[in-house]
Amino acid sequence: MSKEVSRLVEAVATGAIDRREFVRGALGLGLSVATIAAVLQGCSGEEAKAPPAPAPGGTPGPAPEPELGPIEGELHIYMWSDYIAEDTVPNFEKEFNCKVTLDTYESNEEMIAKLQAGAGGYDLVCPSGYAITVLKHLDLMEKLTRKHIPNLGNVAPIFTSTVFDPTNDHTVPWQWGVTGIAYRKDKLPTPPDSWALFLDAALKGKVTMMDDMRDNIGAWLRYRGKSLNSVDPTELAAAKVDALAAKVNLRAYISAPVKAQLVAGDVYAAQLWNGDTMQARAENDNIEFAVPKEGAAIWCDSLVIPKGARNIRAAHEFLNYILRPEVGASISNFTGYGSPNKLASEKLATPVPYPSEEQMKTLEYQQDLGAGTAVWDQLWTEIKSS
Ligand code: N2P
């Protein structure tokens, strides 16, 4: 490779020049189209990569993906509250001439129940990892047509081929984060470092925990040194005792909407996710976030197309759109969560750093509980109703 060519390849690989400039320069230096395509394929990119041609005479590749029809005029999204930037939907509507409706939910369980009831008419929903497994078992997800999402190459490799979607057939990672404690540093005598905070009678009426079975019971399991995916009856019974001991101190079971109460100072500490905590902090810089020493949940939520979706092409266009670096960066700028989009992350002034190996020792991914889900459901009902 000549010096000029190496310089050009390095420039496109490091992002110093864009692909169009690279192609112009490479053609000028006499590079063949095949060589240019091969170089571009090597860089994680935001533009379409041609599907690999089947090897002549070799074993046949996977069946070709279907061609989707033209984009529909509407798109219905069902996602967690406060989880998308203000400009994400309006910009999409304008560019694609497609009307978007956005309904919100506060837990995976709420979303799954709605899909199971056959209600909604949604084209995209946003489950956490374990909920993807549940939707898969219930056969409630459509397969993606990957050729219509060329920006998939922008996803950081650690968020692809996950245990929840090993073949990347159903999911596009959206945001990742951690469940911990949001607190007012001006209201607590010392920064909290344990789930025991919610057992402190001195804070009665000033603390909240999330209205989320997995995060709530999971925290009490971790508090006793157990896995937050436990289905062991003795461990769950101990979690119930702790959950009830905390309940007398709680002002409410409340998830994302607690932010306003933290900002106002009605709540001193709340079990909450890191990104929502950052959103509240933007309004009051006395708000901090702590990960309890006993450990906590780490999760990555993804967009998926539920079975029966009617606006399949619009859903694919939206998936490809949110994977653009600038759109992904705008979303994480607003949500305060980590972006699984590598190119978007690079654009953020303060990206959430991926946890170190040391931190990962106490963080745990939530897994599908399988048959244990019914046991947890029952336990959660008992905790909330006693
Ligand atoms: C929404 C945050 C959702 C994260 N505000 C839960 N995985």
Side-chain angles (χ1 to χ4, degrees), residues 79-90 102-108 110-111 126 128 174-216 218-219 243 246-293 296-299 301 329-339 348-353 384:
M79 82 142 61
W80 300 84
S81 67
D82 300 335
Y83 215 24
I84 189 164
E86 275 159 19
D87 62 355
T88 315
V89 162
L102 181 68
D103 290 348
T104 58
Y105 55 85
E106 298 298 335
S107 72
N108 284 298
E110 189 184 339
M111 177 270 291
C126 188
S128 305
W174 173 255
Q175 304 280 277
W176 69 269
V178 174
T179 306
I181 301 174
Y183 66 97
R184 287 281 301 249
K185 66 177 179 209
D186 56 334
K187 304 276 189 196
L188 295 185
T190 47
D193 69 344
S194 163
W195 293 116
L197 178 86
F198 298 102
L199 297 167
D200 183 351
L203 292 172
K204 196 174 168 120
K206 294 292 178 194
V207 289
T208 63
M209 290 188 80
M210 293 202 318
D211 192 5
D212 185 301
M213 158 177 114
R214 293 303 304 264
D215 277 320
N216 196 301
K247 190 180 175 186
V248 297
N249 296 328
L250 300 184
R251 184 185 175 88
Y253 288 116
I254 179 171
S255 301
V258 79
K259 294 191 289 288
Q261 298 177 37
L262 274 165
V263 170
D266 298 332
V267 166
Y268 296 176
Q271 183 189 30
L272 194 59
W273 306 292
N274 60 319
D276 279 70
T277 306
M278 291 307 121
Q279 292 170 31
R281 190 187 155 88
E283 289 179 48
N284 187 326
D285 59 11
N286 279 310
I287 296 170
E288 301 277 356
F289 184 74
V291 179
K293 59 176 185 269
I298 178 170
W299 39 260
D301 301 335
S330 162
I331 292 167
S332 284
N333 251 334
F334 171 84
T335 65
Y337 287 103
S339 177
L348 291 170
T350 46
V352 182
K384 284 188 76 175

Expected output: side-chain R281 to main-chain I287 donor-acceptor under 3.5 Å: yes

P292 backbone acceptor or donor facing W195 side chain under 3.5 Å: no

Side-chain (K259) to main-chain (A256) donor-acceptor, under 3.5 angstrom: yes

Working for side-chain contact (heavy atoms from CB on, under 4.5 Å), residues L197 and L188: CA-CA 10 Å; L197 178 86; L188 295 185; 4.3 Å; yes

Non-hydrogen side-chain atoms of P192 and F198 separated by less than 4.5 Å: no

Side-chain touch N108/R214, heavy atoms, less than 4.5 angstrom: no

Donor-acceptor pair between S255 and E106 side chains, under 3.5 angstrom: no

Rounded distance [0.5 Å steps], CH2 in W176 versus OG in S339: 10.5 Å

Pairwise side-chain contact, Y337 with V352, heavy-atom cut-off 4.5 Å (strictly under): no

Interatomic distance, Q271 atom CD to T277 atom OG1 [nearest 0.5 angstrom]: 10.5 Å

Side chain proximity check, W174 to I331, heavy atoms < 4.5 angstrom: yes

Test item: K247 side-chain N/O and K384 main-chain N/O as donor-acceptor pair under 3.5 Å: yes

From D103 atom CG to S81 atom OG, the distance as rounded to the nearest 0.5 Å: 12.0 Å

Any donor-acceptor N/O pair, Q279 side chain to D82 backbone, under 3.5 Å: yes

Side-chain donor/acceptor of Y268 to backbone N/O of G205, under 3.5 Å: no

Nearest-0.5 Å distance, OG of residue S194 to CG of residue L199: 8.0 Å

Interatomic distance, K187 atom NZ to D266 atom CG [nearest 0.5 angstrom]: 8.5 Å

Non-hydrogen side-chain atoms of L203 and N249 separated by less than 4.5 Å: no

Lys/Arg N to Asp/Glu carboxylate O, R184 vs D186, below 4.0 Å: yes

W273 vs M210 side-chain heavy atoms within contact, under 4.5 Å: yes

Test item: V207 and L250 side chains (from C-beta on) under 4.5 Å apart, heavy atoms: yes

Given T208, L272, D276, the one that forms side-chain contact (heavy atoms from CB on, under 4.5 Å) with L262: L272

Any side-chain heavy-atom pair of T179 and W299 under 4.5 Å: yes

